[in-house]
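Step one of this worksheet: look at the structure below.
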Amino acid sequence: MCPEYPEIVTELLKIAQEELEHFQMVHEIIKKRGYEFGRERKDDYVGQLFKFIVQGTRKEYIIDRMLFAAMIEARSCERFRVLTENIKDEELKTFYKDLMISEAGHYTTFIGFARQLGDVEKVNQRWEEWLDYEAEIIKSYGKKETIHG
Ligand SMILES: [Fe+2]
């Protein structure tokens with residue numbers, strides 16, 4: 001994604017490994033409980049967000065990719081918080097809480113990289129634009145119960 005910043009690649013690999021571990025844990029829980037994964041669905045929300053990434057210069061593009069990822073992580077963190085607070089199942093409560101903490105860490109990492117690569121003020125301004133754009137997407141959905149990891 002950004003070979004010119006090897007220290008970012010190192011962190012991205014850690015995040016990817018963590019996501020993979022979570023996927024494995026979900027898989028184990030689903031097996032243990034006798035369920036089956038649903039087929040993968042096209043994620044319209046992510047597709048809509050993706051369109052907002054500026055092409056601009058290489059650096060602008062990378063910063064926006066980071067904000068795109070930060071947005072997804074922030075929202076999945078929030079959803080895990082809602083699940084954690086509302087679920088009765090103790091095993092899942094603990095599991096979702098761990099995921100929430102992990103997603104919060106990913107959000108912080110991505111937004112941190114964006115601020116590190118660009119002018120902090122400009123990045124913060126751009127983040128506001130992302131929030132507004134995402135709010136419009138959310139408004140168009142109503143209340144569907146899906147998670148974007
Ligand atoms: Fe994540």
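These numbers were taken from a predicted model, which means no experiment stands behind them. First listed ligand is number 1; within each ligand, the first listed atom is number 1.
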Exercise. Can S76 and E103 be counted as having a side-chain donor-acceptor contact under 3.5 angstrom?
Worked result: yes
Exercise. Do the side chains of I138 and Y45 get nearer than 4.5 Å, heavy atoms only?
Worked result: yes
[X]: which N/O/S atom is nearest the Fe ion (ligand 1)?
X	answer
E19	OE2
E73	OE1
H106	ND1
E103	OE1

For this session: Before accepting this row, confirm whether a basic side-chain N of the pair E90/K93 lies closer than 4.0 Å to the acidic partner's carboxylate O.
Result: no
For this session: State whether E28 and K31 are salt-bridged, where the test is any N-O pair (Lys NZ or Arg NE/NH1/NH2 against Asp/Glu carboxylate O) under 4.0 Å.
Result: yes
For this session: Return yes when at least one N/O/S atom of H22 is nearer than 2.8 Å to the Fe ion (ligand 1), and no when none is.
Result: no
For this session: Given side-chain contact (heavy atoms from CB on, under 4.5 Å), test L99 with F95 step by step and report yes or no.
Result: CA-CA 6 Å; L99 294 185; F95 181 54; 3.8 Å; yes
